[in-house]
Amino acid sequence: MNGPTKTIISKITKLLLAPKTKTTPYQSLLKHYGATQSLTRTKQLHAHLVTSGLLSTGIRSVLVVTYANCGYVHNARKLFDELPQRGTLLYNFMIKMYIAKGGCFEAMKVFLEMLRSKGCCPDNYTYPFVIKASSELLLIEYGRVLHGLTLVSNFGSHLFVLNSLLAMYMNCGEVEEARKVFDAMKEKSVVSWNTMINGYFKNGFANTALAVFNQMVGSGVEIDGASVVSVLPACGFLKELEAGRRVHGLVEEKVLGKKIVSNALVDMYAKCGGLDEARLVFDNMVERDVVSWTSMINGYILNGDKKSALSLFKIMQIEGLRPSSVTITLILLACASLNNLKDGRCVHGWVMKQRLDSEVAIETSLIDMYAKCNCLSLSFSVFTRTSRKKTVPWNAMLSGCVHNKLATEAIGLFKKMLVEGVEINAATCNSLLPAYGIIADLQPVNNINSYLMRSGFVSNVQVATSLIDIYSKSGSLESAHKIFNTIPVDFQDIFVWSIIIAGYGMHGHGETAVSLFKQMVQAGVKPNDVTFTSVLQSCSHAGLVDDGFYLFKFMLKDHQTTPNDDHYTCMVDMLGRAGRMDEAYDLIKTMPFIPGHAVWGALLGACVIHENVELGEVAAKWLFELEPDNTGNYVLLAKLYAALGRWEDAENVRHRMDDIGLRKAPAHSLIELLFMEEPIATLIFKKLASSSGREISVLECLDSICLRDLPYRASRIT
DNA sequence: GTAGGGTTAG
């Protein structure tokens with residue numbers, strides 16, 4: 001017999017000896033039940049097969065697959081265990097079932113059984129499943145072993161296997177390893193590229209994600225919907241409106257007009273500040289789901305238009321869409337920042353009816369909303385109904401107390417957290433720490449500091465930043481600076497620098513503030529609006545006019561930072577305090593935008609100090625127009641007149657207030673008006689003293705003007 | 001029968 005004949009004969013023999021694989025009607029029926037996930041019918045047929053004694057091994061195998069497809073783990077497992085022999089296919093189905101049910105650990109166990117079994121090897125279907133399981137369990141070491149197994153079992157170059165390895169490495173944060181696998185791939189599919197784009201973004205490399213997408217398009221790979229949905233969040237995060245627009249162009253060109261793609265576009269435009277374009281995509285959608293509406297609502301919130309967010313939410317409900325917990329979270333956020341208790345309570349009512357009020361995210365948002373609307377008792381009543389084990393509602397409650405200036409309560413709550421064994425995280429510390437800034441007492445700050453040291457939370461830069469802030473607010477710049485020095489240079493970000501600079505500024509150490517600012521710039525940290533405000537304020541408080549001017553010019557020239565209202569206010573305040581009134585006014589005149597009330601307020605304040613009526617009247621004129629309801633401005637102008645003895649003009653200011661209804665009760669005298677403000681009381685005190693020609697005690701003066709909180713005010717005035 | 005995809009938050 002020659003070779004070919006031998007082969008043919010062996011093939012025929014194999015076919016004859018092989019078990020008949022003809023599908024019986026029962027098997028076809030079970031396959032149909034599996035495909036349609038008809039569990040009840042499967043159970044009925046199973047019972048029938050048992051009673052009629054038809055439960056052959058072949059049928060049992062099919063039953064395992066059917067139960068697995070229906071997701072009925074118990075029966076699948078039972079029948080699977082009873083089988084005398086199990087093939088790769090059956091193992092694969094069991095693994096797939098466990099993963100679909102979220103039982104990744106069980107899936108891994110089945111895989112181990114498979115490896116231990118004789119004559120049954122994992123195949124190109126098994127590996128993607130188990131790699132996914134180890135990925136979801138974040139078992140990177142396991143994943144590496146699997147990677148090794150694929151290499152020794154010749155599946156190391158299988159496209160699906162490699163793609164699942166890419167996803168696994170990315171999901172476990174092993175970006176470099178994913179890259180190595182990707183670069184070594186001889187054949188790449190659109191899924192490989194998409195996995196890389198998505199993986200880079202999720203691991204914080206938004207720029208690389210965008211670059212990989214561009215490379216993909218550049219090398220002629222046909223993109224699909226998933227490519228777009230993976231790259232758009234990166235554009236949104238980077239606020240790369242132009243890049244986002246180009247992606248949008250590709251979407252139109254390739255007709256990738258799926259709902260999910262449009263949703264991603266809405267989100268991208270919203271995050272890039274292209275609200276009109278977001279709305280255009282939203283309006284042109286044929287069909288919108290909750291995510292579409294939620295993304296659009298979020299767009300309005302991100303762009304500061306919370307009122308439109310609320311009205312869109314109402315339209316959404318009229319259109320019959322049920323908000324998700326994400327939508328609710330956002331709406332409560334909008335209500336919180338609008339101080340809109342009425343709508344917030346409505347949403348709360350709806351949430352209760354829908355029985356969504358026990359979702360942690362929603363509970364937390366409710367606590368936050370009530371706190372921001374200054375209804376802390378309602379926050380507490382939501383809080384007491386929570387399960388109290390999760391950290392986030394506690395954090396929201398802490399922030400709520402701090403927002404309402406209830407520092408002692410916040411600290412009390414924190415102690416309770418420790419007693420009740422609630423997990424403390426960095427966010428807890430960040431919510432709590434500002435409470436110590438309110439108390440501004442060194443002893444409690446030292447206590448919390450030692451806790452943060454022991455627990456290791458100080459190594460969190462945000463926590464350390466807060467700690468620096470509360471130390472400087474409590475008067476210990478030395479401790480603040482010590483903590484600043486413990487932060488590794490690479491982690492000294494713009495926030496830490498701003499806080500320490502502001503700390504020195506706050507205590508009048510303008511020179512140190514300026515020198516720290518220079519150190520920061522030297523260290524390569526680019527100053528932002530806030531740092532400039534801090535350092536300019538420091539100069540202003542310390543009277544460092546020249547330094548202030550230098551920094552202001554530095555901001556204009558070297559950093560192309562456009563000064564904002566705050567910066568001009570600092571400058572005007574600084575020049576004004578130094579008596580350089582005309583320069584202050586000239587600066588205002590050169591402002592590239594319309595000056596706000598703060599700038600004019602600073603000028604008026606300076607005019608009062610230096611008794612400059614001419615400019616004071618100019619400033620007041622603007623202020624009365626910009627904020628006609630602010631009584632403080634009227635008082636300041638009256639004070640200015642009073643200081644110069646121009647009582648008639650001062651009296652006119654009072655009339656002006658009466659005319660616009662700012663003072664409901666009739667005033668008997670100018671003095672009464674002037675006493676409304678504490679600095680004016682000081683002035684009156686001086687006037688009384690000089691007119692009577694003798695020393696007048698503060699208490700005597702205060703007594704005569706019946707101010708409340710005497711001891712407090714007396715200490716402030718002396 | 002296998003791989004990749006969207007909105008929020010403390």
Side-chain angles (χ1 to χ4, degrees), chain A residues 31 34-35 65 68-69 88-97 99-100 122-132 135 155 158-168 170-171 178 188-199 201-202 223-233 236 256 258-268 270-271 278 289-299 301-302 323-334 336 359-369 390-400 425-428 430-431:
Chain A
K31 272 187 186 160
V65 174
N69 279 338
T88 302
L89 184 81
L90 274 186
Y91 276 108
N92 288 351
F93 266 98
M94 288 299 288
I95 293 170
K96 180 186 169 192
M97 171 191 75
I99 292 176
D123 63 6
N124 55 309
Y125 290 99
T126 321
Y127 282 113
F129 283 137
V130 286
I131 291 170
K132 187 186 177 139
S135 160
F155 291 111
H158 191 277
L159 183 62
F160 278 63
V161 173
L162 285 167
N163 283 345
S164 52
L165 280 171
L166 289 181
M168 187 268 295
M170 281 300 197
N171 197 36
K188 294 182 182 91
S189 69
V190 62
V191 175
S192 326
W193 286 93
N194 294 351
T195 309
M196 292 304 283
I197 296 168
N198 183 42
F201 176 64
K202 294 238 166 98
I223 60 161
D224 67 4
S227 325
V228 171
V229 172
S230 300
V231 76
L232 284 174
L256 303 171
K258 275 204 279 182
K259 191 162 58 185
I260 185 168
V261 169
S262 304
N263 288 349
L265 280 170
V266 171
D267 176 59
M268 178 276 294
K271 292 201 170 120
D289 61 9
V290 213
V291 178
S292 327
W293 288 88
T294 309
S295 303
M296 197 60 230
I297 288 171
N298 185 34
I301 294 176
L302 288 177
S324 69
S325 52
V326 177
T327 329
I328 297 300
T329 310
L330 286 169
I331 288 304
L332 289 173
L333 188 79
E359 270 194 40
V360 196
I362 292 186
E363 285 172 341
T364 309
S365 308
L366 281 168
I367 293 171
D368 181 61
M369 181 273 294
K390 295 254 168 64
T391 308
V392 264
W394 284 89
N395 291 355
M397 208 55 242
L398 286 176
S399 314
N425 59 25
T428 317
N430 286 323
S431 305

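In the text below, chain A, chain B and the rest are named by the order of the sequence lines, each starting its count at 1.
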Compare the minimum distances between each of [options] and the side chain of [X], then state the nucleotide with the smallest one.
X: A:T195; options: B:dG4, B:dG1, B:dG10; result: B:dG4
X: A:N198; options: B:dG4, B:dG1, B:dT2; result: B:dG4
X: A:K271; options: B:dG1, B:dT8, B:dG10; result: B:dT8
X: A:N163; options: B:dA3, B:dG10, B:dT7; result: B:dA3
X: A:F160; options: B:dG1, B:dA3, B:dG10; result: B:dA3
X: A:N395; options: B:dG4, B:dG10, B:dG1; result: B:dG10
X: A:V261; options: B:dG5, B:dT2, B:dG4; result: B:dG5

Check: A:D368/A:S365 side-chain N/O donor and acceptor closer than 3.5 Å: no
Any luck finding a side-chain donor-acceptor pair between A:T88 and A:D123 under 3.5 Å? no
Below 3.5 Å, does any donor atom in the side chain of A:N194 face an acceptor in the base of B:dG4, or the other way round? yes
Side chain of A:D224, base of B:dG4: donor and acceptor closer than 3.5 Å? yes
Hey, is the side chain of A:N298 poking within less than 4.0 Å of OP1 or OP2 on B:dT7, counting only N and O atoms? no
Between A:K202 and B:dG4, is there a contact of a side-chain N or O with OP1 or OP2 at under 4.0 Å? no
Mind checking ring-ring contact (aromatic ring centres under 6.0 Å, His included) for A:F129 and listing every partner two or more places apart, or none if nothing turns up? none
Can you name the side chain to side chain donor-acceptor pair (under 3.5 Å) partners of A:T391, sequence neighbours left out? none
Looking for any heavy atom pair under 4.0 Å, which part of the strands does [X] touch: base, sugar-phosphate only, or nothing?
X: A:K188; value: nothing
X: A:N171; value: nothing
X: A:T329; value: base
X: A:D267; value: sugar-phosphate

Stacking between B:dT2 and A:Y125, yes or no? Criterion: centroid separation under 5.5 angstrom, plane angle under 30 degrees. no
Find the distance A:L330:CG to B:dT7:C1' and express it as a whole number of Å. 7 Å
For the pair made of NZ in A:K96 and P in B:dG1, what is the distance, rounded to whole Å? 7 Å
